[in-house]
Each structure stands twice: as structure tokens, then as C-alpha cells.
There are 2 protein chains.
Amino acid sequence: MENKTERFEKLLVKNGLKRTAPRLQVLEILSGRDSATSQPYLEQVMGKDADRVTLYRVLQAFEEKGIIHKVLDQQGTANYAICSDGCSAHEHHDEHVHFNCDNCHKIYCLDTVKIPALKVPAGFKVEHLNLIATGLCANCSDKVN
Amino acid sequence: MENKTERFEKLLVKNGLKRTAPRLQVLEILSGRDSATSQPYLEQVMGKDADRVTLYRVLQAFEEKGIIHKVLDQQGTANYAICSDGCSAHEHHDEHVHFNCDNCHKIYCLDTVKIPALKVPAGFKVEHLNLIATGLCANCSDKVN
DNA sequence: CATTTTAATGCAATTATGTTGCAAATATAA
DNA sequence: TTATATTTGCAACATAATTGCATTAAAATG
């Protein structure tokens, strides 16, 4: 299998972004997690490796290019996850469900779950859907029992 | 029909809140709009009639009592709308769809639209659903044509 | 490989947003 | 009318986000 860092480098180049340390580090961190990652967490993990401002700008650039997508949790905090392949700057295929665990507070991207069609009042034209479910994730509901 | 202000006063008393000017003003503003209202907008409209801190506290108290509910828009900004009758401090019946117009940026509560049942992976237990649709509202899609 | 060009970073300063403590003012109860 | 309990507004503080700009680093060029 191809080297992970190499893959990230290609991803950056493909999107016209320079291969820099903070950017690779963000991709590294995000790819190593099974749920969306909050900005404060990223900030903490990166520590003094990168300025807070740089992190803002990296995340913003990634989002614009469709490399990552942003989910807001119940508190309005930004969380980020690497997009699955379908995404690009033009089209964010982000129509999957996000699951917010009340217990461990992880945010899962349930890529497999499709949002059912929705009947809206006449005149309304739906472009995107953003569905956030809250409750207990598989891990946590296991532990409770 | 009963006087609107009287209704608001009763609503406050019923929830153990004192009848004060800022509280009535907030109810007045929210009730006069057909979509959820952002905190910054409220702040602007109330101007020097009420302190910023007071607005925070009024909104917080109202939310706790189930008089209004909060929706976060795509930017994470808090928006508020008066709850329909089903709500109380104990149970927020907020499982309806919010529609975020890309053009006029209004947030509509589509009370009539039910969120369809959702199939989640084994182990996940859904407690609440929060569905935000974006696109064009009836007004704006009219104007475009 | 040296040099030029372009983009990205880090720092400082600024602005925006949200919170807390407390004295003064106001609404309700007595 | 007075007493009690809330609520308000101010000031101070804390946190989060944004902007401008000089410096640094990456890629393009010859």
C-alpha cells in the first residue's frame, strides 16, 4: 500500500496547495480518528507546532477545496472530518448523517446512512440536507448494558 | 382576539418569570417574524433598550422554560423562535425541520414536516434528530423565476 | 543549482462573542 | 407600604475569531 504521507502530498498538490508541515499534520491527525475532530482538540494536539491562526487558515483552505468538511455540534463548535472521495471544491457530497454521542461526545459520519426524501411545502427548493442525530453510539450503549 | 401583550404576560407568569420590559420586547419581536431570529439581529433591534447581557439571560431563561427554542445556523450562530404549544421545560418537541434559505438567510421552522424514520447502524441509539435543509424558500424561488 | 516568484506562516494587534460578580432598580408578595 | 426575591445594567474578564504585515518556505524558472 502506498505511503500515507505520499497520499496526502498528492492530495495537496491536486488541489493547488503547497506541501507544508502544518497541512500534513492536520491531515495526519484527522485521518487517524474514527470520528469528526473538534477545532479545540486539533489546537491542543498541534500545540506549538503551529500557530492558532495557521490552523484556522489550513482548515478554511481544506474546506474550500473539499478536502474536509465541517460539522457543527450541538454547542456550535466546529468539527472536521476528511471527506470521502466524492467531494470536490464544487460539490460537497455531505448528505450523510452525523451522529453525536451524548456520552463520549464523538461525532460519527454515518456514510452508509442515506437521508430519506423529504416532503417540503410548495415553493421550497431543497439544495442540501444536514441531519444530526444525537443519542448513544455503539460503543457507549454497549457499556451501559 | 386577546391582546397580544396580555398573552405574553400570562406566558411569563405561567413559567414563573416576572413581567419585565426586555422579556416582553423579545417575545414581541420573535412573534412578529415568520422565521427564526438570530441573536445578533435581536441585539441590533433592541439597541440600547436592553443590555447585551440581559438579552443573553432572557434568551437563556426562555429556552430553559421551553418558551423558545434555539437553532444553530450553518455558521454556528444562534437563532431563536417561539415554540409551538407542545413544548415545555421538560420536553422540547423540536423534532421538526429547519429550513435555511441561501438567498435571504431566513430560517423557517417547517412544523408540518416530519422527519422520516432513520436506519442507523447496529448499536446506535438515536435520541434526537436535528435536520436542517438549505436551499431557496418559497419567497426567493418565486423571485428567481 | 541559483534565483525569482508565489504562497504560507507566525506574530501582534484588533475585534467579536460570551461569561461572571455585584450593586441598583423593579416586580411581586405580604 | 413595606419586605422579599428577581432582574437588570455595568464593569471587568475570558475566550474565540479576524486582519495586516513582515518573514520564511515552497515551487517555478532559467
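Lettering of chains follows the sequences in order, A, B, ..., and the numbering in each one begins at 1.
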**Prompt:** For DNA chain C, whose closest nucleotide is more 5', that of B:Val13 or that of A:Ala50?
**Reply:** A:Ala50
**Asked** Considering heavy-atom distances to DNA chain D, does A:Gly76 or B:Lys48 have its closest nucleotide positioned more toward the 5' end?
**Response** B:Lys48
**Request:** Kindly say whether, by distance alone, the side chain of A:Arg19 makes a donor-acceptor pair under 3.5 Å with the base of D:dA27?
**Result:** no
**Message:** Centroid separation under 6.0 Å, is that true for the rings of A:Tyr108 and B:Phe124?
**Reply:** yes
**Prompt:** Does the side chain of A:Asn130 reach to within under 4.5 Å of the side chain of B:Thr134, using non-hydrogen atoms?
**Reply:** no
**Nearest to side-chain heavy atoms of A:Val53, which nucleotide of D:dG9, D:dA17, D:dT18** = D:dT18
**Asked** Considering only heavy atoms from C-beta outward, does the side chain of A:Asn79 approach that of A:His98 to under 4.5 Å?
**Response** no
**Request:** Consider only side-chain heavy atoms of I, L, V, M, F, W and Y, link residues closer than 4.5 Å, and tell whether A:Val97 and B:Val126 are in one cluster.
**Result:** yes
**Request:** Please report, rounded to the nearest Å, how far the P atom of D:dA26 is from the CZ atom of A:Arg23.
**Result:** 11 Å
**Asked** Can you tell if the side chain of A:Pro40 reaches within under 4.5 Å of the side chain of A:Thr77, non-hydrogen atoms only?
**Response** yes
**Item:** B:Val58 or A:Arg52, whichever maps to the more 5' nucleotide of DNA chain D
**Value:** B:Val58
**Fill in**
Out of D:dA26, D:dG9, D:dA16, minimum distance to the side chain of B:Thr54 belongs to D:dG9
**Message:** Students should find this one: the first and last nucleotides of DNA chain C, 5' to 3', lying under 4.0 Å from a heavy atom of chain B. What are they?
**Reply:** C:dT17 to C:dT28
**Fill in**
From CG of A:Leu17 across to C1' of D:dA28 the rounded distance in Å is 17 Å
**Request:** Give the rounded distance in Å between these two atoms: CG of B:Asp51 and C1' of D:dT7.
**Result:** 12 Å
**Request:** First locate atom CG of B:Asp73, then atom NZ of B:Lys106, and finally report the distance between them rounded to the nearest 0.5 Å.
**Result:** 15.0 Å
**Message:** Rounded to the nearest 0.5 Å, what separates atom CD in B:Gln39 from atom OH in B:Tyr56?
**Reply:** 4.5 Å
**Request:** Rounded off to whole Å, could you give me the CG-to-C1' distance for the A:Leu55 and D:dA17 pair?
**Result:** 12 Å
**Asked** What bend angle does the helix from C:dC1-D:dG30 to C:dA30-D:dT1 show across its length, from five-pair end axes and to the nearest 10 degrees?
**Response** 30°
**Message:** So, OP1 or OP2 of D:dT8: does either fall under 4.0 Å of a side-chain N or O from B:Arg57?
**Reply:** no
**Asked** Reckon A:Pro22 touches a base, only the sugar-phosphate, or nothing at all at heavy-atom distances under 4.0 Å?
**Response** sugar-phosphate
**Message:** When you measure from the side-chain N and O atoms of B:Thr20 to the phosphate of D:dT6, is any distance below 4.0 Å, counting only OP1 and OP2?
**Reply:** no
**Asked** Can you check the B:Tyr56 OH to D:dC10 C1' distance for me, whole Å?
**Response** 16 Å
**Item:** Close side-chain approach of A:His128 to B:Asp102, heavy-atom, < 4.5 Å
**Value:** no
**Request:** Spell out, yes or no, whether B:Leu59 and B:Leu11 are grouped together once hydrophobic residues are joined by side-chain heavy atoms under 4.5 Å, including indirect joins.
**Result:** yes
**Request:** Provide the closest heavy-atom pair for B:Ile82 versus B:Leu27 in the form atom of the first, atom of the second, distance.
**Result:** CD1-O, 4.0 Å
**Request:** Grab the CG-P distance between A:Leu59 and D:dA16 for me, whole Å please.
**Result:** 15 Å
